[in-house]
Trainee: 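Quick one: the structure is below, questions incoming.
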Amino acid sequence: MRILFSAVFLAASSVSAEPPVTDWRVLVPGEYHGDEAPVRPGLGWLALVPVGGVWRLEPATVRATRVHDAVLDAEGDRTGIALTSNRSDTLVLLRFPDLQPGKVDTPAMKFSGGARLISLGEAPLKLQFRSDDYVIEGRKTGIEVRTGAMRVVLPDLAAARPDSEDSASLLWAGDLDRDGRLDLLFSYSGYNRGGVCLYLSSGAADGAPVRLAGCHGGVGC
């Protein structure tokens with residue numbers, strides 16, 4: 001099976017919808033159907049990358065190249081798009097006006113060994129960042145994130161459970177927007193699909209620690 005990715009932005013309380021092609025904000029390098037990725041990614045991208053044991057946002061060049069789409073193309077056609085970055089170690093590509101290049105502070109937890117699965121009924125994941133304690137726990141209605149008096153359930157993500165193929169894992173955490181609070185990057189998967197969702201603390205609703213900023217996902221063939 002060859003996976004081609006489909007980019008989506010999810011509204012926090014609604015079904016997913018494709019964004020305008022001029023509003024791509026979150027990208028993962030990979031191969032896409034022709035209408036599922038920007039033909040001209042443009043400038044202003046930052047790559048989230050590990051450098052010398054720390055995480056950084058580094059300016060990145062993103063290129064879109066026409067390729068053969070094994071699902072839709074006849075022999076010789078090239079309607080697919082391959083997105084690549086000049087940073088081979090890119091975890092995710094971001095383009096938000098409030099994000100700036102430089103070192104990103106992260107909690108004292110290793111994410112390089114793989115994502116941390118969030119499962120329904122299991123002990124919650126606990127993170128400490130500066131003087132704040134964060135708890136991430138699977139609920140029937142989604143993934144709950146809480147810190148202090150703030151809490152929110154992320155309905156776009158499903159906790160792993162024995163009777164479902166849907167699941168979500170914490171892929172990365174750190175202060176991307178440099179407001180002193182954690183931002184979270186989750187991976188998600190389900191039947192023949194998968195991707196990532198970014199949640200930023202800046203701009204979150206009153207009483208909520210994070211808000212959905214964007215997702216980039218894919219479907220199989």
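Everything numeric in this text was worked out from a predicted model, so none of it was measured.
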Trainee: For the atom pair CD1 (I136) and CG (L125), what is the distance rounded to the nearest 0.5 Å?
Mentor: 5.0 Å
Trainee: With rounding to the nearest 0.5 Å, note down the distance linking CG in L176 to CG in L198.
Mentor: 6.5 Å
Trainee: Roughly how far apart are D73 CG and H68 NE2, rounded to 0.5 Å?
Mentor: 5.5 Å
Trainee: With respect to P209, which candidate in V145, L182, D132 satisfies the side chain to side chain contact (heavy atoms under 4.5 Å, CB included) definition?
Mentor: V145
Trainee: Whether the side chain of D69 engages the backbone of V71 through a donor-acceptor N/O pair (distance < 3.5 Å, no angle test) should be reported.
Mentor: yes
Trainee: Would you please say whether a donor-acceptor pair under 3.5 Å links the side chains of D183 and S201?
Mentor: yes
Trainee: Can you check whether L48 reaches W172 side chain to side chain, under 4.5 Å on heavy atoms?
Mentor: yes
Trainee: State, with a plain yes or no, whether a side-chain heavy atom of W24 is found less than 4.5 Å away from one of L83.
Mentor: no
Trainee: Could you tell me whether R130 and D105 have a side-chain N and a carboxylate O separated by less than 4.0 Å?
Mentor: yes
Trainee: Ring-plane angle category for H216 and Y32, please: parallel below 30°, perpendicular beyond 60°, tilted otherwise.
Mentor: parallel
Trainee: Do any N or O atoms from the side chain of R25 and from the backbone of G214 form a donor-acceptor pair under 3.5 angstrom?
Mentor: no
Trainee: Should F96 and L27 be regarded as members of a common hydrophobic cluster, given that ILVMFWY residues are connected when their side-chain heavy atoms come within less than 4.5 Å of each other, either directly or indirectly?
Mentor: yes
Trainee: Look only at the side chain of R56 and the backbone of V51, and say whether a donor-acceptor pair between them is shorter than 3.5 Å.
Mentor: no
Trainee: Can you find a heavy atom in the side chain of L93 that is under 4.5 Å from one in the side chain of L46?
Mentor: no
